[in-house]
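Reading through the structure tokens given below for one structure.
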Amino acid sequence: EQRIVLRDVSWETYERLLKDFEGRSSPRMAYDQGMLEIMSPSSYHEKSNRTLAQFVEVLAEELDIDLENLGSTTYKRNDLLKGFEPDSSFYIQNAETIHGKTEIDFLIDPPPDLVIEVDITHDSLNKFSIYAAFGIPEVWRCDGPKVAVFLLQDKKYVESRQSLAFPGLTGGALSSFLADSKKMKRTEWLRKLRGWIRGQDWSGKGPKARQS
């Protein structure tokens, strides 16, 4: 993947660039008070991202949890001079709040409940300060082989053993299934994932989880 970080970029320039690349999946941009990161994801990056996003979709389906998948939607607030385009983003606890909306106003509407960030090279703009300013409660960060779960506490992200959106789900399980996806056929991987989910005791753990 290719990443460029520029400094002293105006908000107006950031918005012009967003408009120029509107409707395209690449590059993705993040802006933090004058610092602009422009990132073009590699195939390895996108495979990890899409695998984790599919994990969320399948888990929600199996547990009968409603969600809204907003993918790499552009989130921006000019009052904070911050904006980002995540690898994936989901409304889970607040899915009903934004259901049917074509535009989201972050001065009124809640931020996404879960963001997935894939950062293989580790030389990018630190987006945690952006996520914290938006009040995003949970971030899954993938550095290649490992997926770590971070929860927002006192305006800072702290690594957590398990997910907030899906209580009982650990970073270790996410890392294990991500590793499996690289050596298994997709249909085989999906069957294994569904079997694992059905074999766990989720009763009383997840929001609106099916009772076993």
Side-chain angles (χ1 to χ4, degrees), residues 1-57 67-92 94-95 97-144 147-148 150 152 157 178 181:
E1 59 192 16
Q2 297 180 343
R3 297 177 185 263
I4 300 173
V5 176
L6 304 174
R7 289 172 170 78
D8 300 321
V9 177
S10 69
W11 179 261
E12 292 73 22
T13 298
Y14 168 57
E15 289 201 309
R16 284 199 299 270
L17 287 169
L18 288 175
K19 188 174 182 179
D20 287 343
F21 289 98
E22 188 175 9
R24 302 184 189 181
S25 60
S26 181
R28 292 180 191 144
M29 287 177 271
Y31 184 88
D32 189 2
Q33 298 181 334
M35 292 185 66
L36 174 67
E37 179 195 78
I38 303 174
M39 188 273 287
S40 296
S42 65
S43 60
Y44 180 75
H45 177 118
E46 282 299 89
K47 284 180 180 179
S48 297
N49 172 41
R50 292 181 184 274
T51 294
L52 292 172
Q54 190 168 27
F55 186 107
V56 173
E57 294 270 11
L67 61 73
E68 292 281 342
N69 183 348
L70 269 66
S72 56
T73 294
T74 300
Y75 299 91
K76 60 178 181 174
R77 283 184 57 175
N78 59 6
D79 59 320
L80 299 174
L81 294 179
K82 294 179 187 287
F84 68 100
E85 294 169 312
D87 290 308
S88 292
S89 59
F90 299 88
Y91 281 84
I92 303 168
N94 287 301
T97 304
I98 63 134
H99 181 70
K101 290 191 174 185
T102 56
E103 297 289 337
I104 298 176
D105 182 352
F106 291 110
L107 297 178
I108 302 172
D109 297 313
D113 297 301
L114 171 64
V115 159
I116 295 175
E117 177 185 283
V118 180
D119 191 354
I120 309 299
T121 56
H122 300 291
D123 61 353
S124 63
L125 176 69
N126 185 348
K127 301 188 190 70
F128 274 21
S129 64
I130 304 176
Y131 302 151
F134 274 77
I136 295 168
E138 181 169 357
V139 177
W140 293 358
R141 193 172 191 277
C142 172
D143 65 4
V147 183
F150 290 89
L152 185 61
Y157 286 97
L178 181 61
S181 72

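If you're wondering where the values come from, they're calculated on a predicted model, not measured in any experiment.
- Within the 4.5 Å cutoff, the side chain of Y31 has no heavy atoms near those of the L17 side chain.
- The backbone N or O of M29 lies less than 3.5 Å from no partner atom in the side chain of Y14, so there is not a single donor-acceptor pair.
- For the atom pair CG of L107 and CG of L80, the computed distance is 8.5 Å after rounding to the nearest 0.5 Å.
- In plain terms, the two heavy atoms of S72 and P86 that are nearest each other are CB-O, 2.9 Å.
- Between L36 and T13 there is no side-chain heavy-atom pair separated by less than 4.5 Å.
- Comment: R28 engages E46 in a salt bridge, judged by a side-chain N to carboxylate O separation of less than 4.0 angstrom.
- Put simply, the side chain of L152 does not reach to within 4.5 Å of the side chain of I136, judged on heavy atoms.
- Side-chain atoms of E57 and F90, non-hydrogen and from C-beta on, do get closer than 4.5 Å to each other.
- Within a 6.0 Å sphere centred on CG of D20, other residues, nucleotides and ligands contribute more than 12 heavy atoms.
- Taking both residues in full, the closest heavy atoms of P110 and Y91 are given as O-OH, 2.7 Å, listed atom of the first, atom of the second, then distance.
- P112 and V115 get closest at one heavy-atom pair: CG-CG2, 4.1 Å.
- Closest approach of V118 and D87 over heavy atoms only: N-OD2, 2.7 Å.
- Residue Q33 places its CD atom among more than 12 non-hydrogen atoms of other residues, nucleotides or ligands, all under 6.0 Å distant.
- What you find for Y75 and S89 is that their closest heavy atoms are OH-OG, 2.6 Å.
- One distance of note links CD of E37 with CD of E85; it measures 10.5 Å at 0.5 Å rounding.
- Under a cut-off of 6.0 angstrom, the local environment of CG in L6 is crowded, with over 12 non-hydrogen atoms contributed by other residues, nucleotides or ligands.
- In this structure, the side chains of E68 and N94 stay at 4.5 Å or more apart for every pair of heavy atoms.
- Proximity of K76 to L18: side-chain heavy atoms (C-beta onward) are separated by under 4.5 Å at one or more points.
- Counting only heavy atoms from C-beta outward, the side chains of R3 and M39 approach each other to under 4.5 Å.
- Using a 4.5 Å heavy-atom threshold, the side chains of L67 and L114 count as separate.
- In this structure, F150 has its ring center at least 6.0 angstrom away from the ring center of Y131.
- Of all heavy-atom pairs between L52 and W140, the closest is O-CZ3, 4.4 Å.
- Looking only at distances, no side-chain donor or acceptor of D32 sits under 3.5 Å from a matching main-chain atom of I130.
- Summarising the geometry, atom SG belonging to C142 is positioned 9.0 Å from atom CG belonging to N49; distances are rounded to the nearest 0.5 Å.
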